[in-house]
Amino acid sequence: MSSDKMGRLAGKVAIITGGSSGVGRATCRRFAQEGAFVIVADINLDGAKMVAQELAGQGMAVHLDVASEEAWLYALNLAVDHGGKLDIVCNIAGVGKVGTIEELDLNDWQRMIAVNLTGTMLGCKLGLATILQSGGRGAIVNMNSIAGLAGMADIAGYGASKGGVTMLTKAMALHCCQKGYPVRCVSIHPTYIDTGMLDHNLMNTAGGYEERLQELGALIPIGRIATPEDVANAVLFAASDEAAMISGSSILVDGAQLAGLYNPG
Ligand SMILES: NC(=O)c1ccc[n+]([C@@H]2O[C@H](COP(=O)([O-])OP(=O)(O)OC[C@H]3O[C@@H](n4cnc5c(N)ncnc54)[C@H](O)[C@@H]3O)[C@@H](O)[C@H]2O)c1
């Protein structure tokens, strides 16, 4: 790891799950620009390798299924072996399937809980232990959603998995304070983001992807959906020492969507 690079994360070592695409990929790029050494972790190893290659010596790829404890232990060991310590865990990997409570399929439910909630729990628990053991100090940032704060009828299972992450984040933040651990825990709650996950869920809707994107943008007071970079910038802030007083918080990246009742006029 080269630590002579300047930036808002200079000298920090971070593991970023879901790093091969969408928000995770944008976050890997942003972290490396700001001087971090980045472990790009994803179930899609080829994709993770391509992202790590872009980071020009400031990153490496690892295969990680976030729902597996064994896989987490392997990836975290690798991070410390190559980075010398661990400061930041970004739990960004996620899966989503549209469906109301009546439409919810048990297999889809179990997958969303396994990846979004259990995967994040393992990243928090094992990531914290690794940060402490390796002498690092820093932050765990959990990728959440507006659906982890407000009920959304058509994504019942996804919302339930993200609501669990909201409370897990708060419990962990308080625990670290009680113990005097130098680790913060924050969750980030974006609105719709233009990534593969949205594409996948909107592909079959009448009117097509582009039309549906416009419709979704019109629901958001700021007038558009988020880009992966909008969200990566919030993750960067939450993970950096600039956020030293922020823990247990839910940071909204929602274009004012949850600010209140919106009348476009
Ligand atoms: N796209 C949206 O509209 C939106 C909105 C709010 C929050 N989010 C959240 O943002 C995060 C990133 O999603 P995205 O929009 O970039 O989607 P994406 O599909 O582009 O990225 C998800 C990534 O997670 C990886 N992944 C899936 N299962 C995994 C597993 N078991 N182990 C390791 N990696 C796994 C995928 O390979 C992929 O690289 C997710 O947590 C998602 O819930 C997305």
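Order of appearance sets the numbers: ligands from 1, and atoms from 1 within every ligand.
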Item to complete: Answer with yes or no whether the side chains of Asn142 and Thr120 bring together a donor and an acceptor at under 3.5 Å.
Response: no
Under 3.5 Å donor-acceptor pairs involving side-chain atoms of residues 210-220, not counting sequence neighbours:
unit_1, atom_1, unit_2, atom_2, d
Arg212, NH1, Glu215, OE1, 2.9

Worksheet entry | Amino acids in close contact with ligand 1, where any non-hydrogen atom sits under 4.0 angstrom away | Gly18, Ser20, Ser21, Gly22, Val23, Asp42, Ile43, Leu64, Asp65, Val66, Ile92, Ala93, Gly94, Val95, Val115, Met143, Asn144, Ser145, Tyr158, Lys162, Pro190, Thr191, Tyr192, Ile193, Thr195, Gly196, Met197, Leu198
Worksheet entry | Side chains of Asn91 and Ile140 in contact at under 4.5 Å (non-hydrogen atoms) | yes
Review item, side-chain donor-acceptor pairs of residues 252-265, under 3.5 Å, at least two apart:
unit_1, atom_1, unit_2, atom_2, d
Asp254, OD1, Ala256, N, 3.1
Asp254, OD2, Gln257, N, 3.2
Asp254, OD2, Leu258, N, 2.7
Gln257, OE1, Thr191, OG1, 2.5
Asn263, OD1, Gly265, N, 2.9

Discussion item. Suppose we screen for ring-ring contact (aromatic ring centres under 6.0 Å, His included). Which residues come up paired with Tyr181, at least two apart in sequence or across chains?
Written reply: His175
Worksheet entry | Asp194 and Tyr209: side chain donor to acceptor below 3.5 Å | yes
